[in-house]
Q: 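I have a structure here, written as structure tokens, and I will follow up with some questions on it.
Naming convention: chains lettered A, B, ... in sequence-line order (proteins, then strands); numbering from 1 in each chain. Basis for what follows: all heavy atoms, side chains included, without hydrogens, waters or symmetry-related copies.
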Protein chains: 2
Amino acid sequence: MEYIHQNFDVNFKYGVHFSSHLFDPANTCLSAFLESRADAAFQKKLLVILDGGVAAAHPGLPDQITRYLSAVRGFQPAPEIITISGGESVKNDLPLVFSLVDAIDKYGIDRHSYVIGIGGGSLLDLVGFVAAISHRGVKHIRIPTTVLSQNDSGVGVKNGVNYKGKKNFLGSFAPPSAVFNDSHFLTTLDSRDWRSGMVEAVKVALIRDTAFFEWIEEKAVALTSGDMPGMQYLIFRCAELHVAHIGGGGDPFESGSSRPLDFGHWSAHKLEQLTSFSLRHGEAVAIGIALDSVYSFLLGWLDEASMYRIISVLKNMQLPVWHPLLEKQDGRPSPVVAGLEEFREHLGGRLTISLLKAIGTGAETHHMDLDLLYAAADICKKLQ
Amino acid sequence: MEYIHQNFDVNFKYGVHFSSHLFDPANTCLSAFLESRADAAFQKKLLVILDGGVAAAHPGLPDQITRYLSAVRGFQPAPEIITISGGESVKNDLPLVFSLVDAIDKYGIDRHSYVIGIGGGSLLDLVGFVAAISHRGVKHIRIPTTVLSQNDSGVGVKNGVNYKGKKNFLGSFAPPSAVFNDSHFLTTLDSRDWRSGMVEAVKVALIRDTAFFEWIEEKAVALTSGDMPGMQYLIFRCAELHVAHIGGGGDPFESGSSRPLDFGHWSAHKLEQLTSFSLRHGEAVAIGIALDSVYSFLLGWLDEASMYRIISVLKNMQLPVWHPLLEKQDGRPSPVVAGLEEFREHLGGRLTISLLKAIGTGAETHHMDLDLLYAAADICKKLQ
Ligand SMILES: NC(=O)c1ccc[n+]([C@@H]2O[C@H](COP(=O)([O-])OP(=O)(O)OC[C@H]3O[C@@H](n4cnc5c(N)ncnc54)[C@H](O)[C@@H]3O)[C@@H](O)[C@H]2O)c1
Ligand SMILES: NC(=O)c1ccc[n+]([C@@H]2O[C@H](COP(=O)([O-])OP(=O)(O)OC[C@H]3O[C@@H](n4cnc5c(N)ncnc54)[C@H](O)[C@@H]3O)[C@@H](O)[C@H]2O)c1
Ligand SMILES: [Zn+2]
Ligand SMILES: [Zn+2]
């Protein structure tokens, strides 16, 4: 029997830039990046897709963007900036996916042009997916505008939209060309988004970096009440840990079942869905972290004092640590607990859940004891 | 300004296996591959999507597949084999994309399970796309059943569907887990598919391998009238050259504008679309190769004798070398020629067209002279 073997590597690289007032004419952060990618032989095109929540909070922004991009040498911005509402609902809207694909077609965005997404994690997940499937992948730049997207979702390699109520059922792995974090955008976030976005930092600190957890613990109250320099450090360090994990963890496109960065997420994804996304992603993850930390304690993996410290940090951030859907409903299983199998399926293969051995040290289990899980949920209820 | 740099490689590998009667219980080619990927900890799932043209030509095949896959250790086939009509029309059917996504959901195909596409290049392009966007990419195995898909499309890394009449507007780069070429399937191809599939071999020989072109030239008449051992060699060598180009050409996911394997394709894609896909892909490429070979001659790049040899090979394969849409229509530009800009856009960036310097030697141009192109079309018309 004859046989041909294929084997190749594809390199992916991108920078995560930190700046403020990106579209100020004097700020060359974005324009210098773009001009470094210009080609003397032809004009490249730019299409901006903007989060309606950001546009509403920053009047004049579309004009400012238009002026800024028009001055970039070698690039031709599309004649309109496309503004769509922000938030999770944009990920539940298949016709919107295709209307953005239509815009890529209409404005002649080719594989050398750039789609620029400006907004929260939801908008960026949608825009990344649209870019990934058009022309077998057009380049995209992310300008995340929430704490969560600046420290986690926007700096990673995944995109996705929900399908028939299933979180991120459609999506792909498609690294951006570059990411620009602009701290000025954070000044207009509402309190829920400001606070809940910090949870991803708590998460990555818990599985990876004791010192960072201690820093967060010390600053939790100040951060929660609006400490901007503190928030900038939190975002930088959290993004750095995420980027290092993706690039250095040996499995950037998640072909295995192990996903330490999904600590606290199995129940969070299910809670988001069950509450029709009335919980913010970060709020749901706060509950998920609380649950899996207490479960780690009950399992004998995590000491009691550490467990209490984790709950305290979350409560100091004024985040929830429990939800009624974690309980049995009239004697029937909790719908969150019932979602474990769905999570396994999304992950593929064996059930693999991240837990904690200590603050700063994640570990995995392939079995969840349901009685212990309900007991953990009960403790969370008491501690809330 | 702070900055984080991301940089990683992703490795892709897969084998292209050559066999015959793959689903014969005694043939362990596919089962051995699957069992090598089994995991003692859990069952992996299999979902087969079958080309209706293949099913019609091979009665009993679905049962045979079911029996074969049920015996593979560590895998659980879905309770049904999904049979869809074959041919280009499946790539023009967005609801079909989503009904296959629904099947992936319904049958719990996770990121460790496999979707197996069995059929022509059209079905494989569709199935590859569906697999690529579900759960951010589930694994897929290709079992190509046409000459074209066994020697070209099925062994590569691209997938795609058409969108609003635009060829492959939606798609991605997603290498398969494995490819199994079964020569027995070829025995039921209709003559147009048998003949037109050989064009990709002519193409790759012309840009890469003089000796292979000479072999094809010598065998063209015999191949056309059904020489199966000859066809098996043609497919093997053509697949080998494609695989080598993709893995060794330095740009497997086509981030640059250079696509030597698209020799003859700029006009072919447009012709397929303009004729509502009544031309087979290979027939359209035959016309495209003829046009660009004559153009290469008129440009002074290719000698006259070589140009005639190329036309003769195509004619010996009973393939078209001209189409009325290459002419001006009532004084207005030929719609194929008008499609050059669209091709540039699909490619991105500068216009880059593959031409010939000699038989076995491709070369690129960034400018097409329209008068010369019409003159080339005229010569093709006379030579048809
Ligand atoms: N791709 C990944 O790797 C990944 C990782 C984590 C989370 N996510 C996804 O990210 C999404 C959540 O993103 P998010 O938390 O950024 O929220 P979001 O994008 O849903 O935005 C929340 C709200 O804030 C508004 N908004 C955004 N920026 C603003 C600003 N600067 N000022 C005022 N209002 C603003 C939006 O319009 C929206 O109403 C979820 O869908 C989650 O699944 C993806
Ligand atoms: N992804 C890539 O890299 C790539 C490369 C080249 C071509 N393509 C695409 O491949 C498609 C063309 O594929 P194709 O030429 O294989 O044709 P096809 O898939 O359109 O099939 C042609 C016909 O043959 C039937 N058929 C398939 N196998 C058969 C068999 N063994 N016996 C009897 N009938 C059979 C089908 O049902 C269909 O009716 C085009 O869409 C083209 O764009 C993709
Ligand atoms: Zn998260
Ligand atoms: Zn082709």
Side-chain angles (χ1 to χ4, degrees), chain A residues 1-19 29 39 41-42 44 101 105 108 110-113 132-137 155 158 160 163-164 166 168-173 175 236 239-240 243 246-248 252-255 257 344-350 366, chain B residues 1-19 29 39 41-42 44 101 105 108 110-113 132-137 155 158 160 163-164 166 168-173 175 236 239-240 243 246-248 252-255 257 344-350 366:
Chain A
M1 202 187 61
E2 282 173 306
Y3 177 78
I4 301 169
H5 189 63
Q6 178 63 288
N7 186 356
F8 60 85
D9 289 320
V10 180
N11 179 257
F12 296 93
K13 53 168 155 282
Y14 58 91
V16 181
H17 308 253
F18 292 79
S19 187
C29 186
D39 189 317
F42 60 95
K44 299 184 174 188
V101 166
D105 182 22
D110 58 38
R111 284 170 52 83
H112 290 278
S113 298
I133 62 174
S134 298
H135 289 301
R136 297 202 181 102
V155 305
K158 298 194 260 188
Y163 180 67
K164 298 198 170 167
K166 300 214 169 183
N168 298 325
F169 192 89
L170 296 174
S172 71
F173 289 86
F236 181 81
E240 195 172 43
V243 165
I246 294 166
F253 289 177
E254 299 180 0
S255 57
S257 297
R344 188 202 62 74
E345 201 165 278
H346 181 74
L347 223 66
R350 245 191 331 175
H366 298 294
Chain B
M1 201 188 58
E2 282 173 304
Y3 177 79
I4 301 168
H5 189 64
Q6 178 61 288
N7 186 358
F8 60 86
D9 290 319
V10 180
N11 179 257
F12 296 93
K13 52 167 155 285
Y14 58 92
V16 182
H17 307 254
F18 292 79
S19 186
C29 188
D39 189 315
F42 60 96
K44 299 185 173 187
V101 166
D105 182 20
D110 57 40
R111 284 171 52 82
H112 290 278
S113 298
I133 63 174
S134 299
H135 288 302
R136 298 201 180 103
V155 305
K158 297 194 261 190
Y163 181 67
K164 298 197 170 167
K166 302 214 169 183
N168 298 326
F169 192 90
L170 296 174
S172 72
F173 289 86
F236 181 82
E240 195 173 45
V243 166
I246 293 166
F253 289 177
E254 299 179 359
S255 56
S257 296
R344 188 202 62 74
E345 202 165 276
H346 180 73
L347 223 66
R350 252 201 312 185
H366 298 293

Q: For the pair B:D105 and A:K164, find out whether any cationic side-chain nitrogen is under 4.0 Å from an anionic carboxylate oxygen.
A: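 Salt bridge flag = no for A:K164 with B:D105.
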Q: Mind checking the NE2-NE2 spacing from B:H17 to A:H5? Nearest 0.5 Å is all I need.
A: 9.5 Å
Q: Can you tell which of B:L170, B:I246, B:D39 has the highest number of heavy-atom pairs within less than 4.5 Å of chain A?
A: B:L170
Q: B:Y163: what forms a ring-ring contact (aromatic ring centres under 6.0 Å, His included) with it, not counting sequence neighbours?
A: A:F98
Q: Checking A:K13 now: which residues fulfil salt bridge (charged side-chain N to carboxylate O under 4.0 Å, His left out) with it, not counting sequence neighbours?
A: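 So A:K13 forms no salt bridge (charged side-chain N to carboxylate O under 4.0 Å, His left out) with any residue.
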Q: What residue, out of B:G137, B:S113, B:A41, B:G160, has the most heavy-atom pairs lying under 4.5 Å from chain A?
A: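 Most heavy-atom pairs under 4.5 Å with chain A: B:A41.
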Q: State whether the side chain of B:E2 and the backbone N or O of A:F18 hold a donor-acceptor pair below 3.5 Å, judged by distance alone.
A: no
Q: With side chains defined as the heavy atoms from C-beta onward, is the minimum distance between B:I133 and A:S172 less than 4.5 Å?
A: no
Q: Using a cut-off of under 4.5 Å for heavy-atom pairs, which of A:N7, A:I4, A:D9 has the most such pairs with chain B?
A: A:I4
Q: Do B:F236 and A:Y3 touch side chain to side chain, with heavy atoms closer than 4.5 Å?
A: no
Q: So, does B:R136 use its side chain to make a donor-acceptor pair with the main chain of A:N168 at under 3.5 Å?
A: no
Q: Quick check: do B:F12 and A:Q6 have side-chain heavy atoms less than 4.5 Å from each other?
A: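 B:F12 vs A:Q6: side chains apart.
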Q: Could you tell me whether the side chain of A:V10 reaches within less than 4.5 Å of the side chain of B:F173, counting heavy atoms only?
A: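 B:F173 does not reach A:V10 side chain to side chain.
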Q: Quick check on A:V155 against chain B: is it the side chain, the backbone, both or neither that has a heavy atom closer than 4.5 Å?
A: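 Neither; nothing under 4.5 Å.
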Q: Would you call the rings of B:F253 and A:F8 parallel, tilted or perpendicular if under 30° counts as parallel and over 60° as perpendicular?
A: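 Correct class here is perpendicular.
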